[in-house]
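Fair warning: this is a prediction, and the values are worked out from it, not measured in the lab.
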Amino acid sequence: MQNPYHTNPVSIQGSSALVPVDLNENGVDSHNDVKNDGYQQILEADLHSFGMKIKQHEDNVNNLNAQKSKMEDSILQLQVTIGKSESSGTFTIDNGDSPLSISEEEVNKLIMQHEKSAASILCQIKTRYKAQASHVSPIKDVVGIVATLGQVEDDNLSRLFSEYLGLDTMLALVCRTIEGVKALEMHDKDGSVDKSFGLHGLGASIGRALDGRFQVICLESLRPYAGTFMADDAQRKLDILNPRLPNGACPAGFLGFAVNMINIDSSNLFCVAPNGCGLRETLFYNLFSRTQVYKTRADMAQALPFICDGAISLDGGIIKSCGVYYLGNREDVDVRFPRPARSMGIDNSLKLEMQLKDLKSQKENILEDLKREQTMLDVAKYNFQKKKNEYIRFLAESSANATQVQTTPDRLRRRS
């Protein structure tokens with residue numbers, strides 16, 4: 001029979017015997033190399049596949065988390081709108097003679113009780129001259145009084161906002177331009193107020209002397225909110241980022257931002273200030289900035305790391321600004337924001353309830369999808385790590401075998 005192996009006799013030093021050596025040994029090694037290369041390619045393909053799955057599931061998880069955050073914001077806004085914050089029921093501070101919600105007409109009457117104030121004189125002029133009041137020279141640039149330029153759905157919130165701002169600010173006059181501010185008051189050469197000019201002269205003409213200082217807010221001089229507005233929101237609420245915990249959720253008890261809880265007449269939503277801005281992004285943003293509203297003092301205290309521009313809690317807690325706390329008993333300000341003239345009707349309320357229910361259902365579906373994607377992500381990561389370990393072991397074994405094959409000829413040459 002023909003020998004299938006091609007051999008040549010090789011003389012081994014120190015022996016006269018001729019030892020046959022397989023010259024096809026390298027061919028067997030080459031076959032093993034090809035086999036190993038194929039297995040390596042399979043492992044690398046598996047690693048690539050698992051890596052792509054991980055990226056896909058991570059993208060899905062991030063997308064679902066973004067949807068969940070957006071859904072939570074929508075639910076929060078809707079809850080505030082329909083009174084689900086429970087501010088009226090659970091957290092109204094009752095001292096035995098809690099006042100009822102007031103109308104804009106009642107607010108004007110309360111303002112006029114502060115007889116020596118600039119706001120009272122302005123109300124008197126408007127009452128007396130009615131439509132012609134806007135043409136009275138000293139006050140034709142005046143937009144109104146802070147207390148009458150916004151409305152608040154809930155009486156408890158209205159009282160809290162009034163206490164937060166203080167009586168002087170609630171009675172402040174709001175002018176469009178700096179020229180309008182100058183028209184309200186003139187001074188003599190010695191710096192004293194000219195009582196016959198401006199608002200002082202108007203007060204004297206109706207028998208109401210203006211006494212003491214009064215605040216005037218100039219819209220032209222305010223720095224407006226520079227961000228965007230909530231999409232499809234008739235009230236043009238400011239799209240301010242909600243505070244977020246590391247897990248992406250809002251702090252417990254967070255209800256929203258005070259600046260977005262003020263209702264504004266449609267006529268004052270646009271082009272009130274000379275720069276074309278409305279009252280929310282100018283007047284009320286400068287009054288409240290990013291003041292947050294929480295359900296309780298305890299919730300507010302837990303959220304302190306996320307509060308930078310003040311906070312209010314429905315049970316009476318007030319943080320005026322970062323590090324400035326209002327303590328002690330509540331002190332009601334008699335002049336406060338009125339309730340909107342037309343509250344939500346029953347049909348509209350039911351419609352909003354259905355919307356809220358639908359949003360909550362959508363959120364539950366998102367949470368289920370998120371849970372499923374997270375599980376699939378964990379499985380993909382486990383499989384990737386398992387295949388990675390297998391690949392590392394293969395590389396280590398291949399390296400060891402290659403080293404062994406390389407040292408064999410060296411040993412043979414040394415022996416020859």
Side-chain angles (χ1 to χ4, degrees), residues 101-127 133-134 138-155 157-178 180-181 184-185 199 210 212-225 235-236 238 257-269 272-273 277-291 293 309-310 312 318 320-321 331-341:
S101 300
I102 57 177
S103 65
E104 186 171 347
E105 183 181 352
E106 290 171 321
V107 171
N108 286 327
K109 290 180 180 179
L110 289 170
I111 291 173
M112 285 189 285
Q113 290 178 9
H114 296 267
E115 296 182 355
K116 295 183 178 182
S117 69
S120 175
I121 292 173
L122 182 64
C123 285
Q124 289 281 353
I125 296 295
K126 287 187 174 182
T127 301
S134 59
I139 61 172
K140 64 181 181 181
D141 193 61
V142 176
V143 179
I145 302 164
V146 168
T148 63
L149 293 175
Q151 302 92 36
V152 179
E153 287 279 354
D154 179 70
D155 180 61
L157 274 177
S158 178
R159 294 163 64 198
L160 285 166
F161 289 168
S162 300
E163 184 179 6
Y164 178 86
L165 296 176
L167 181 61
D168 287 344
T169 301
M170 291 297 291
L171 294 176
L173 306 188
V174 179
C175 289
R176 289 184 176 84
T177 66
I178 191 65
V181 176
L184 293 175
E185 187 172 274
L199 198 60
L210 178 56
R213 289 187 177 272
F214 58 97
Q215 282 190 32
V216 180
I217 300 173
C218 178
L219 297 178
E220 185 180 36
S221 302
L222 299 180
R223 178 178 294 179
Y225 166 74
Q235 276 284 309
R236 285 174 56 82
L238 311 184
F257 293 95
V259 67
N260 285 335
M261 296 181 180
I262 302 289
N263 286 354
I264 300 173
D265 286 339
S266 58
S267 60
N268 288 329
L269 289 173
V272 181
C277 294
L279 289 185
R280 189 181 305 280
E281 63 268 33
T282 53
L283 173 65
F284 289 108
Y285 181 68
N286 277 270
L287 291 179
F288 289 106
S289 189
R290 297 169 188 259
T291 297
V293 180
D309 290 327
I312 298 169
I318 292 180
K320 187 65 176 179
S321 60
E331 190 172 312
D332 277 340
V333 175
D334 59 346
V335 177
R336 58 187 185 276
F337 294 107
R339 191 180 181 92

Closest non-hydrogen contact found for Asn108 with Cys123 is OD1-SG, 3.7 Å
Taking every heavy atom of Arg290 against every heavy atom of Tyr225, the minimum-distance pair comes out as NH2-CE1, 4.2 Å
Applying salt bridge (charged side-chain N to carboxylate O under 4.0 Å, His left out) to Glu185 and not counting sequence neighbours gives none
Smallest heavy-atom separation, Ile111 atom then Ser120 atom, equals O-CB, 3.5 Å
Donor-acceptor side-chain pairing of Asp141 and Thr177 below 3.5 angstrom: yes
Given the options Leu149, Val272, Ile262, Leu283 meets side-chain contact (heavy atoms from CB on, under 4.5 Å) only with Leu149
| task | Answer yes or no: is there an ion pair linking Arg339 with Asp154, defined by an N-O contact shorter than 4.0 Å? | result | no
Closest non-hydrogen atoms of Leu210 and Phe214, given as atom of the first, atom of the second and distance, are CD2-CE2, 3.5 Å
Residues Leu279, Leu269; criterion side-chain contact (heavy atoms from CB on, under 4.5 Å); working and verdict:
CA-CA 6 Å; Leu279 289 185; Leu269 289 173; over 6 Å; no
Discussion item. Using only atom types and a distance under 3.5 Å, with no angle test, would you say the side chain of Ser321 pairs donor to acceptor with the backbone of Gly310?
Written reply: no
**Aromatic plane relationship, Phe161 with Phe337 - under 30° parallel, 30 to 60° tilted, over 60° perpendicular** = perpendicular
Nearest heavy-atom approach of His114 to Asp334 is NE2-OD2, 3.1 Å
### Query
Quick one: does Lys116's side chain have a donor or acceptor within less than 3.5 Å of a partner on Gly212's backbone?
no
* Asked: Under the 3.5 angstrom rule, does the side chain of Thr291 hit a backbone N or O of Phe288 as a donor-acceptor pair?
  -> yes
Indicate every side-chain donor-acceptor pair of residues 216-224 with a distance under 3.5 Å to a residue at least two apart or in another chain.
| residue | atom | partner | partner atom | Å |
| --- | --- | --- | --- | --- |
| Glu220 | OE1 | Ile178 | N | 2.9 |

Margin query: Main chain of Gly278, side chain of Thr282: is a donor-acceptor contact present, judged purely on distance under 3.5 Å?
Written below: yes
For Arg236, is there an ion pair with Glu281 - N to carboxylate O distance below 4.0 angstrom?
yes
Closest non-hydrogen contact found for Ala119 with Leu171 is CB-O, 3.4 Å
